[in-house]
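All remarks here apply to the structure that follows.
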Amino acid sequence: MPYLLKTEPNKYSYDDLLRDGETTWDGIANNQALLYLRNMKPGEKLVIYHSNIGKAAIGTAKVVSVDATDPKNPNVRIKPVKRLKHEKPLDEIRQSAVFKDSILFRQFRLSVVPLTDEQYDWLTLPR
């Protein structure tokens, strides 16, 4: 299952992930978001979304490893795959029919959001 991970670019941006090559995705407090993190599997596809500043899907990444031994602080390692050729701004995402019933807009403060394959493709493929 693909996921969208929200980050504030002034704290940790997609460029930071590209520079680091790999990172632990942490700092998540919401129980539902933690559940999604704990259930991730190595190799799953991710979309990195800049929230607050920019408000757009910026690039792709993938899950490297998951250690959910500590359910309140799962250790999820991710690495970048590629920057999107065309960033997808929030307004475009909101207007797309593929996101009509998405949890992304029902629980907009959720920092880890599951995506359908169709939503992942819409975000990552050039239009």
Side-chain angles (χ1 to χ4, degrees):
M1 169 181 289
Y3 294 89
L4 181 139
L5 302 180
K6 294 180 185 177
T7 185
E8 296 178 24
N10 58 329
K11 293 184 181 175
Y12 194 82
S13 70
Y14 191 73
D15 286 335
D16 294 327
L17 179 59
L18 288 170
R19 178 198 66 222
D20 296 346
E22 192 173 297
T23 194
T24 299
W25 204 260
D26 57 9
I28 307 298
N30 179 282
N31 286 332
Q32 188 171 3
L34 285 169
L35 177 66
Y36 293 139
L37 280 178
R38 286 194 306 267
N39 289 329
M40 286 182 179
K41 307 274 185 280
E44 285 187 312
K45 301 180 287 188
L46 308 169
V47 172
I48 306 300
Y49 175 88
H50 282 177
S51 62
N52 295 336
I53 301 168
K55 296 185 180 179
I58 303 298
T60 61
K62 74 176 185 175
V63 177
V64 174
S65 64
V66 178
D67 177 356
T69 307
D70 179 354
K72 292 290 184 190
N73 190 24
N75 186 328
V76 177
R77 299 285 299 169
I78 70 167
K79 70 179 186 178
V81 174
K82 69 176 183 174
R83 179 180 291 282
L84 296 178
K85 288 184 181 183
H86 303 285
E87 295 177 5
K88 297 288 175 50
L90 177 62
D91 289 341
E92 278 184 41
I93 298 169
R94 190 182 313 272
Q95 292 172 12
S96 172
V98 75
F99 285 93
K100 182 180 74 144
D101 296 321
S102 174
I103 193 171
L104 181 62
F105 297 113
R106 285 183 283 135
Q107 291 180 280
F108 60 89
R109 305 237 351 123
L110 200 58
S111 60
V112 180
V113 178
L115 298 171
T116 65
D117 289 331
E118 186 179 17
Q119 291 167 339
Y120 178 86
D121 289 345
W122 187 91
L123 288 168
T124 60
L125 297 176
R127 301 253 174 254

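Sequence positions, counted from 1, serve as the residue numbers for this chain.
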Review point. What are the two closest heavy atoms between Lys79 and Gly21, and how far apart are they?
Key: CB-O, 3.3 Å
Check your understanding: Strictly by modelled atom types, are Ser13 and Asp15 linked by a side-chain donor-acceptor pair under 3.5 Å?
Key -> no
Check your understanding: Can you tell if the side chain of Ile48 reaches within under 4.5 Å of the side chain of Ile78, non-hydrogen atoms only?
Key -> yes
Point to revise | Atom CZ of Arg109: over 12 foreign heavy atoms under 6.0 Å | key: no
Point to revise | Minimum heavy-atom distance between Ala68 and Pro74, given as atom pair plus value | key: CA-CB, 4.3 Å
Study note, to complete from the structure: Heavy-atom closest pair (Thr116 atom, Pro2 atom, distance to 0.1 Å) is O-CG, 3.8 Å
Review point. Among the clusters formed by ILVMFWY side chains lying less than 4.5 Å apart, do Leu37 and Tyr12 turn up in the same one?
Key: yes
Exercise for review: Spell out, as yes or no, whether a donor-acceptor pair under 3.5 Å connects the side chain of Lys41 to the backbone of Asn39.
Suggested key: yes
Point to revise | Cluster overlap Val112 with Val64, hydrophobic side-chain contacts below 4.5 Å | key: no
**Study point:** Val113 side chain near Tyr49 side chain, heavy-atom distance below 4.5 Å
**Key:** no
Check your understanding: Can you tell if the side chain of Leu5 reaches within under 4.5 Å of the side chain of Met40, non-hydrogen atoms only?
Key -> yes
Point to revise | Exceeds 12 heavy-atom contacts within 6.0 angstrom, atom NZ of Lys45 | key: yes
Check your understanding: Are Met1 and Val63 connected in the hydrophobic side-chain network, where two residues link if heavy atoms are under 4.5 Å apart?
Key -> yes
**Study point:** Rounded distance (nearest 0.5 Å) linking atom NE2 of His86 with atom CG of Leu125
**Key:** 11.0 Å
Check your understanding: Transitively linked via ILVMFWY side-chain contacts under 4.5 Å: Val76 with Leu35?
Key -> no
Practice item. Can you measure from CG (Asp16) to NZ (Lys11) and round to the nearest 0.5 angstrom? Key: 13.0 Å
Exercise for review: Taking the side chain as every heavy atom from C-beta outward, state whether Gln95 and Leu90 have any atom pair closer than 4.5 Å.
Suggested key: no
Check your understanding: How far does CG of Asn10 sit from NE2 of His50, to the nearest 0.5 angstrom?
Key -> 9.5 Å
**Study point:** Partner set under ring-ring contact (aromatic ring centres under 6.0 Å, His included) for Phe99, not counting sequence neighbours
**Key:** Trp122
Exercise for review: Answer yes or no: is there a side-chain heavy-atom contact under 4.5 Å between Tyr14 and Thr7?
Suggested key: no
Review point. Which pair of heavy atoms, one from Asn30 and one from Ala33, lies closest together, and at what distance?
Key: OD1-N, 2.9 Å
Point to revise | Minimum-distance pair of heavy atoms, taken over all atoms of Val47 and Ala57 | key: CG1-CB, 3.7 Å
Point to revise | Expected output: side-chain Ser102 to main-chain Leu104 donor-acceptor under 3.5 Å | key: yes
Practice item. Would you indicate whether the side-chain heavy atoms of Pro71 and Arg38 approach each other to under 4.5 Å? Key: yes
Review point. Of the non-hydrogen atoms in Lys72 and Asn31, which two are nearest, and what is the gap between them?
Key: NZ-OD1, 3.4 Å
Practice item. State yes or no: do Leu84 and Ile58 share one hydrophobic cluster built from I, L, V, M, F, W and Y residues joined by side-chain heavy-atom distances below 4.5 Å, directly or via other members? Key: no
Review point. How long is the span from the CG atom in Leu123 to the CG atom in Leu46, to the nearest 0.5 Å?
Key: 12.0 Å
Study note, to complete from the structure: So CD of Glu8 and OG of Ser51: to nearest 0.5 Å the spacing works out to 5.0 Å
Point to revise | Note, Ile28 side chain near Tyr36 side chain (heavy atom, < 4.5 Å) | key: no
Practice item. Quick one: pull up OG1 in Thr60 and CG in Leu4 and give me the separation to the nearest 0.5 Å. Key: 12.0 Å
Check your understanding: Do Ile103 and Pro114 touch side chain to side chain, with heavy atoms closer than 4.5 Å?
Key -> yes
